[in-house]
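Here is the structure we will look at, set down as structure tokens.
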2 protein chains.
Amino acid sequence: MRPQFLYEKNLQGVANSVKRKQEQYRKIVRHLYYNGAASIAEIVKAVKMSQPLVASLVDDLMGYGMLLDNGVGESIGGRRPNLFCINSEYQYVIGVDINLHTLNLAVFDLSNKQIFREETKYFDLENSDEYLNSLIEKIESMISQLGIPREKYLAVGISIPGLVDAKQGLSHTHLSVAENGLARVLGDRLGINVLLDNDARTMALGEKAFGKAIDKENVLCLNLSNGIGLGMILNGELHSGKNGFAGEFGHILIDPEGKLCYCGKIGCLETLTSGKILVKNIREAVDNGQPTLLASYKKENRKIDLRAVVEAILQGDQFAIDQLNQMCEYLGKGLVTLIHLLNPEMVIIGGKIAHAGKFVIDPVTMSMNKYAMSRISSETELVCSDLLDDSALMGTMANVMRSVLSLD
Amino acid sequence: MRPQFLYEKNLQGVANSVKRKQEQYRKIVRHLYYNGAASIAEIVKAVKMSQPLVASLVDDLMGYGMLLDNGVGESIGGRRPNLFCINSEYQYVIGVDINLHTLNLAVFDLSNKQIFREETKYFDLENSDEYLNSLIEKIESMISQLGIPREKYLAVGISIPGLVDAKQGLSHTHLSVAENGLARVLGDRLGINVLLDNDARTMALGEKAFGKAIDKENVLCLNLSNGIGLGMILNGELHSGKNGFAGEFGHILIDPEGKLCYCGKIGCLETLTSGKILVKNIREAVDNGQPTLLASYKKENRKIDLRAVVEAILQGDQFAIDQLNQMCEYLGKGLVTLIHLLNPEMVIIGGKIAHAGKFVIDPVTMSMNKYAMSRISSETELVCSDLLDDSALMGTMANVMRSVLSLD
DNA sequence: ATTACTTTTAAAAAAAATTATAAAAGAATT
DNA sequence: AATTCTTTTATAATTTTTTTTAAAAGTAAT
């Protein structure tokens, strides 16, 4: 019985024995995917099945081409073990990272390597059939360019901003033109299964699988770009809430006497800290003659956007640093609320502002020290992502594999 | 092989076959505990084992006295099924609900019935060996009074306020005199396994097992008494955070220009909403001649405490209701933050203030409507606990059984 | 190099669990 | 009341999985 390795998991009408065997296959593949090449003996320990059984299952999987012999490993005092690994070319995953103005596409093999990567700038997200069509066109052209047969694609993982109900495959904020749900519409048109989630949550999955959250159980991932997104790993699992609305960190109340937010409420964190506000404030200051590196950027006719601001900060521009510090004070306040509520072991800052590195970490840390109960906050490490701009894209891969290899 | 039914789960040095059999027993007992009497056929469906196997395991368990024949059930079109249920007298659980001024003790049988219940007032919690000794004495006297042999007690579940690291069995805030950790010290002295957790989290477990959170996956439980506690069920699991510090809802920032909190920070939610503040404000008002039912209580030399205030509210006392409303406005603000972050399906209010029923629910709902993004808040139901003062005690039972019957 | 000890792998024997089959007990229909 | 159809339970047959045993392939020490 060929390994299905996918959404057929809960297929009804299939004999129990088939389901059982598929689950055994999945356990082995799962271990090899998450831990790399291993010997039969190692797999036995990890999957809690007997050695003859594991040996025969591995044999099957080799026969189907899903696993490969990976030579012999080092001895630890006896016969040297035969190692096995996943055939990274057995299947592929398409990753789609949708941003407000940019589209990132990638194709991953089963060793998580990007065998294709493309960034399309000025690909502005809008709720129209045209956008949907050109998105599909982009993916199709990538598929035909690569020449890999369609059935080799395990799934398409998508990251998109806004409110997303991953379970149902719905995107509420963007691309609601897809009437039967974005995941289904894209899946039908591409002929490949589609898995959808919100950008911040996808980033969190990326960090958990490939970034600083590996082996951590309670991690918060902030997506600091134009807005503020939050993806949470709690008890080792992604938290999405009842409808997938969890993580609206940008709209928690920070200043009751603050400004009106576009969400209709007053004093939201996003009215005080966000890439958008930072850029806006700096642009105004430049117009008012504030001396800063960014003023010279403007003279050179370079656009003052978030990327430029971060660049100026990294070059030590005092005014931009001051502006960032001010925002980090508020961000720290907000984070303290999070930490008090959730007691995470790590907070990872991602998004465009994460490029500023210690220029964000340090002032946020200071602010947290000021506002948090130290017994709690001292348990939480604050770091910048090292996946940076790749975290959402890597997250789509992580999301697909998590779904495919889940054990229930 | 006798069913161990307990902490021996991960015992090393035991043959794999024994572990497997114990797990099979556990699956069956688990189903019967959580779903009540069932036929072999029903169990087969639930535990995904074959009918002959389940039949033989049930046979074993009956032989050990853990299960009982529960007669024949109704036919649904064929032979009437034999039903089996847990022998509720096979083992017992001791529940200990430690409050600042009261101690609640109970002994549960395996049908969750309290076969013993005792409330001790004026049992003031303090960090002393005397307290520890008298607590143990109380438990011991209960044990000898009941005459059930010690080995019949599965475990002692404890609920205690403050910071608790359940995994390690440590109580940081209270009873830190127990040097090797409260759970171990008590366990050694009582000769029974001890399971510890924070009061708000224990309440959440109680609500999930026996209250309004049954069958819900994302539920927040507020313990509104003198302080504010929060227990969270996320993705169907209790969330404790890295060190068990999660749930410090009382110390999130609400009013940056507010009062100093005893925790050292400014403008914490607990400086604005808490039973303590409510009572304090009302006492001051009474002293200043405010007309209210509670003034007459004072004349009758009755103490104005939280219980009295709630009673006055239920009798329609306008001043007390006003005071509560004011607090609920802040509480609603705080809850909005929670809901935006976690997108729960339900928020359950427990603790002494929950006795006020709609007098809390209505103003909090109003406040939430005012401050929340309606798309998110409309997905969350706000209710009062119906376990009320029993929720923590019931939670200790839930906690023990959850631990005993967990499947990993 | 020889010997003793390990670990890994394979194969045979034993045990466990499932599927298939049949019998028992009752419901529904004629 | 007799017949047919269900569901439940018990038993037998078969398959699956594990345990046991042995062989293969290496390390480490004498």
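Hydrogens, waters and symmetry mates play no part in the numbers below; they use all other heavy atoms, side chains included. In the text below, chain A, chain B and the rest are named by the order of the sequence lines, each starting its count at 1.
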Atom pair distance, as rounded to whole Å: [atom1] in [X] and [atom2] in [N]:
X	N	atom1	atom2	answer
B:D59	D:dT8	CG	C1'	15 Å
A:E74	C:dT8	CD	C1'	14 Å
A:K21	C:dT18	NZ	P	14 Å
B:Y25	C:dA16	OH	P	11 Å
B:E23	C:dA16	CD	C1'	15 Å
A:K19	C:dT18	NZ	P	14 Å

Got a list of protein N/O to nucleotides 18-22 of chain D N/O distances below 3.5 Å?
from, atom 1, to, atom 2, distance (Å)
D:dT18, OP2, A:S50, N, 3.1
D:dT18, OP2, A:S50, OG, 2.6

Can you list the residues that meet the side-chain contact (heavy atoms from CB on, under 4.5 Å) rule with [X], with sequence neighbours excluded?
X	answer
A:K152	A:Y92, A:I148, A:P149
A:D188	A:R184
B:E23	B:R26, B:K27
A:A166	A:D197

Filtered N/O pairs between nucleotides 25-29 of chain D and protein, under 3.5 Å:
from, atom 1, to, atom 2, distance (Å)
D:dA25, N3, A:R79, N, 3.4
D:dG26, N2, A:G77, O, 3.4

message: For DNA chain D, which residues of residues 33-43 of chain B approach it to below 4.0 angstrom with any heavy atom?
response: B:I40, B:A41
For [X], what residues pass the side chain to side chain donor-acceptor pair (under 3.5 Å) criterion, not counting sequence neighbours?
X	answer
B:D165	none
B:R79	none
A:R20	none

Whether B:R80 side chain and B:E74 backbone form a donor-acceptor pair below 3.5 Å: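 No, B:R80 side chain to B:E74 backbone: no donor-acceptor pair under 3.5 Å.
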- request: Indicate yes or no for a side-chain donor-acceptor contact from B:D109 to the backbone of B:K113 under 3.5 Å, with no hydrogens or angles considered.
  value: yes
task: Not counting sequence neighbours, list each pair that qualifies as a side-chain hydrogen bond (donor to acceptor under 3.5 Å, both in side chains) and has a residue in residues 207-217 of chain A.
output: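 Applying side-chain hydrogen bond (donor to acceptor under 3.5 Å, both in side chains) to every pair that reaches into residues 207-217 of chain A, excluding sequence neighbours, yields A:E207-A:S385.
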Report all side-chain donor-acceptor pairs from residues 48-55 of chain B shorter than 3.5 Å, counting only partners two or more places apart or in another chain.
none

